[in-house]
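Before any comments, here is the structure.
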Amino acid sequence: VRFSSLAKTLKSRHVHENPRVALCVLDPADAYRFVELRGAVTEVTTDGAHEHLDAMAKRYWEMPAYPDHDYASNRFLMTMRVDHVATSSG
């Protein structure tokens with residue numbers, strides 16, 4: 001799983017101190033339905049971070065690119081190794 005974060009955020013500082021992370025995605029139609037991923041960040045890089053942000057803007061906002069790369073400068077791209085998956089069907 002790949003995600004990005006600005007370098008100055010608390011999330012980025014915490015990942016550098018302790019790479020264990022969790023991600024939970026809720027179904028907006030049913031809050032009792034979810035998937036949870038637990039694991040560790042195995043890579044932190046700036047390479048490809050802006051391209052990743054552009055791809056997310058294109059996919060989710062239907063924009064050709066993220067509109068403010070100046071704001072998004074100093075962004076990390078992180079790769080998470082998934083060790084555990086938990087789900088609930090609601």
Side-chain angles (χ1 to χ4, degrees):
V1 175
R2 297 173 83 193
F3 60 94
S4 67
S5 180
L6 292 171
K8 62 184 175 183
T9 63
L10 191 58
K11 180 191 326 182
S12 292
R13 288 195 304 252
H14 283 178
V15 165
H16 285 317
E17 294 169 8
N18 182 350
R20 293 179 302 162
V21 293
L23 172 68
C24 185
V25 180
L26 298 175
D27 180 344
D30 181 357
Y32 293 102
R33 188 169 170 221
F34 67 89
V35 61
E36 178 192 64
L37 308 175
R38 284 186 272 159
V41 170
T42 58
E43 180 182 17
V44 177
T45 183
T46 57
D47 294 339
H50 288 287
E51 292 81 2
H52 181 261
L53 194 58
D54 287 339
M56 296 297 101
K58 185 175 184 178
R59 181 174 183 166
Y60 296 108
W61 297 339
E62 298 178 357
M63 302 174 85
Y66 187 76
D68 191 359
H69 277 280
D70 288 337
Y71 169 76
S73 63
N74 297 319
R75 179 169 286 278
F76 290 129
L77 181 60
M78 302 181 192
T79 303
M80 174 186 174
R81 180 192 70 234
V82 176
D83 297 325
H84 180 77
V85 177
T87 62
S88 172
S89 60

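Everything quoted here is computed from the prediction, not taken from an experiment.
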Distance (rounded to the nearest 0.5 Å) between [X] [atom1] and [Y] [atom2]:
X	Y	atom1	atom2	answer
Met80	Leu37	CE	CG	5.0 Å
Arg33	Leu26	CZ	CG	11.5 Å
His52	Arg75	NE2	CZ	9.5 Å

Got a sec, which residues hit ring-ring contact (aromatic ring centres under 6.0 Å, His included) with His14, two or more places apart in sequence or on another chain?
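Applying ring-ring contact (aromatic ring centres under 6.0 Å, His included) to His14 gives none.
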
side-chain contact (heavy atoms from CB on, under 4.5 Å) involving Arg81 - partner list, sequence neighbours excluded
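For Arg81, the residues satisfying side-chain contact (heavy atoms from CB on, under 4.5 Å) (neighbours in sequence not counted) are Ala40, Thr42, Asp83.
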
Measure across Val85 and Val82 and return the closest heavy-atom pair with its distance rounded to 0.1 Å.
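Heavy atoms only, the tightest pair is CG2-CG1, 3.7 Å.
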
What are the two closest non-hydrogen atoms of Ser89 and Asp30, and how far apart are they?
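Minimum heavy-atom contact is O-OD2, 4.4 Å.
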
Please name all residues satisfying side chain to side chain donor-acceptor pair (under 3.5 Å) with Thr9, sequence neighbours left out, ordered by chain then number.
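With sequence neighbours excluded, Thr9 shows a side chain to side chain donor-acceptor pair (under 3.5 Å) to Ser5, Ser12, given in chain and number order.
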
ILVMFWY network linking [X] to [Y], side-chain heavy atoms under 4.5 angstrom:
X	Y	result
Met56	Tyr66	yes
Val44	Phe3	yes
Val1	Leu77	no
Leu6	Leu10	no

Which donor-acceptor pairs under 3.5 Å do the side chains of residues 15-25 make with protein atoms, sequence neighbours left out?
from: Asn18; atom 1: OD1; to: Arg20; atom 2: N; distance (Å): 3.1
from: Asn18; atom 1: OD1; to: Arg20; atom 2: NE; distance (Å): 3.3

With no hydrogens and no angle check, is any side-chain donor or acceptor of Asp27 less than 3.5 Å from a backbone partner on Phe34?
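The answer is no, because no donor-acceptor pair under 3.5 Å joins these two groups.
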
Kindly state each residue pair satisfying salt bridge (charged side-chain N to carboxylate O under 4.0 Å, His left out) with at least one member in residues 35-46, sequence neighbours excluded.
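Qualifying pairs, neighbours excluded: Glu36-Arg38.
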
